[in-house]
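What follows is one structure encoded as structure tokens, with my remarks underneath.
The shown structure was predicted, so the numbers you read here are calculated from the model rather than taken from an experiment. In what follows, chains carry the letters A, B, and so on, assigned in the order in which the sequence lines appear, proteins first and then strands, with residues in each chain numbered from 1. Computed from heavy atoms alone, side chains included, the values below leave out hydrogens, waters and symmetry copies.
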Protein chains: 2
Amino acid sequence: MSLRHALLGLLVDRQGSGYDLMKLFETSLANVWPATQSQVYGELGKLADGGLLAVAAEGPRGRKEYSLTESGLAELRHWLVDVEPTRVHRSDMLLRVFFLGALTREEAHTFLVKEQLRASQDHDAYEDIKEKIDWGDDMISVNGRIALEFGLRLSAMREEWAQWAADQLTVPS
Amino acid sequence: MSLRHALLGLLVDRQGSGYDLMKLFETSLANVWPATQSQVYGELGKLADGGLLAVAAEGPRGRKEYSLTESGLAELRHWLVDVEPTRVHRSDMLLRVFFLGALTREEAHTFLVKEQLRASQDHDAYEDIKEKIDWGDDMISVNGRIALEFGLRLSAMREEWAQWAADQLTVPS
DNA sequence: GTTGACATGTAATTGGTTACATGATTAG
DNA sequence: CTAATCATGTAACCAATTACATGTCAAC
């Protein structure tokens with residue numbers, strides 16, 4: 001149930017339509033919590049029904065501008081403070097690693113080299129974001145920097161690990 | 001659709017019932033791809049219907065022992081070699097980071113310190129596994145070690161990052 | 001004979017993805 | 001006038017979670 005909280009969070013220091021929030025999503029939260037258009041519109045409706053959001057204004061083309069209510073902010077804060085983040089993270093990449101023995105050594109090696117490349121590309125992409133985005137001083141910009149640093153460290157780690165893992169295969173015990 | 005491949009993978013160098021596979025899951029794959037009992041039994045049925053698995057033997061208590069077929073192995077290898085691993089990984093922890101501005105500085109600091117602690121505990125748990133599990137030489141043991149190393153490096157990274165992030169809050173720009 | 005491990009399944013619900021469908025407004 | 005952007009929604013499907021339901025066999 002994190003999407004609802006993502007939407008509440010985006011509405012803390014701004015007000016916006018589903019369309020606005022979708023665009024914000026793409027340029028910020030999509031890396032940690034992807035969502036589709038249908039999901040966003042659906043969830044906004046439910047949040048408004050539940051009184052966590054209010055329709056602050058209606059514009060052209062049926063545009064509905066949402067704003068956070070008292071109870072919406074309370075729910076967000078409750079989620080941040082009291083709800084434990086999920087422990088396990090699914091990774092189909094690591095799942096594959098378990099079964100690399102079903103491939104030839106060359107194929108397994110290729111798999112790990114590709115992962116190393118992906119990690120390296122991800123790292124580059126994060127570096128790009130760090131340089132090119134002009135960071136505002138709003139909440140998601142300030143804290144987005146902290147999250148971005150995680151991405152940078154993670155991709156660096158993945159690259160080193162994949163290198164190490166590929167070496168393990170090349171020189172077996 | 002990774003669960004099907006997880007099951008195919010487990011059946012590469014052994015043969016087993018849903019019950020057996022569940023137990024194997026818990027002690028190996030659960031960290032990278034959790035699955036429930038109902039999911040496992042359901043998926044095994046579908047895989048058998050599709051000819052990727054065969055019922056090799058039937059035992060007491062309705063026990064059905066599955067084995068990998070030719071086309072099952074082919075499908076596994078295809079997934080390993082040709083299907084790109086998922087790019088984005090959801091993290092409700094990082095999602096929360098974006099919204100830390102909705103908390104007081106103390107609350108936000110506490111959140112990051114708790115994350116540091118979780119990472120540290122995860123690291124300890126992985127160290128424990130590394131020491132205590134007696135590793136066989138079967139496929140999932142050999143490659144499980146490679147995956148475990150990822151867990152160790154990731155938890156170390158998370159711990160350092162959380163420490164850094166907590167410091168960022170304490171001494172603001 | 002009773003407890004615990006073995007063993008399999010179904011049903012209801014939720015969250016997420018993909019595809020489809022429609023239409024208004026603005027800028028060139 | 002026409003293309004791009006704005007704007008919202010529905011429907012079908014799939015994967016995963018939770019809870020329920022049932023029953024067997026072995027060991028003590």
Kindly write out the residues that satisfy side chain to side chain donor-acceptor pair (under 3.5 Å) with B/Gln15, not counting sequence neighbours, or none if the list is empty. B/Glu65

Annotated protein contacts, base or backbone, on nucleotides 18-28 of chain D with a non-hydrogen cut-off under 4.0 Å, one of B, S, - each: BB---BBB---

Rounded to whole angstrom units, what separation is found between the NZ atom of B/Lys46 and the P atom of C/dT8? 17 Å

For B/Leu44 and C/dG9, what is the distance between atoms CG and P respectively, to the nearest whole Å? 9 Å

Of all heavy-atom pairs linking A/His89 and B/Asp92, the shortest is NE2-OD1, 4.5 Å

Out of curiosity, does A/Leu24 fall in the hydrophobic cluster containing B/Leu100 (side-chain heavy atoms, cut-off under 4.5 Å, transitive links)? yes

Atom CG of A/Leu3 and atom P of C/dG16: how far apart are they, to the nearest Å? 6 Å

Between side-chain atoms of residues 4-14 of chain A and protein atoms elsewhere (two or more places apart, or another chain), which donor-acceptor pairs fall under 3.5 Å?
from    : atom 1 : to       : atom 2 : distance (Å)
A/Arg4  : NH1    : A/Glu43  : OE2    : 3.2
A/His5  : ND1    : A/Met1   : O      : 2.9
A/His5  : NE2    : A/Glu75  : OE2    : 2.7
A/Asp13 : OD2    : A/Met139 : N      : 3.2
A/Arg14 : NE     : A/Leu10  : O      : 2.9

Can a salt bridge be assigned to the pair A/Arg145 and A/Glu149 using a cut-off of 4.0 Å between side-chain N and carboxylate O? no

Is a salt bridge present between A/Glu115 and A/Arg96, judged by a nitrogen-to-oxygen distance below 4.0 Å? no

Of C/dA5, D/dA7, C/dT17, the nucleotide closest to the side chain of B/Arg90 is C/dT17

What is the distance, to the nearest angstrom, from the CH2 atom on A/Trp33 to the P atom on C/dG16? 6 Å

Rounded interatomic separation in angstrom, taking CD from B/Glu58 and C1' from C/dC6: 16 Å

Go through D/dA15, C/dA7, C/dG15 for me and flag the one nearest to the B/Tyr41 side chain. C/dA7

Here the distance between atom C1' of D/dC6 and atom CD of A/Glu65, to the nearest Å, is 13 Å

Both B/Tyr66 and A/Pro34 contact DNA chain C. Which one's nearest nucleotide lies toward the 5' end? B/Tyr66

Any A/Lys23 side-chain N or O less than 4.0 Å from OP1/OP2 of D/dC6: yes

Distance-only polar pair, side chains of A/Gln163 and A/Gln116, donor-acceptor under 3.5 Å: yes

Between CD of A/Glu43 and C1' of C/dG15 the distance, given in whole Å, is 9 Å

Length of the CG-P vector between B/Leu47 and D/dC14, whole Å: 15 Å

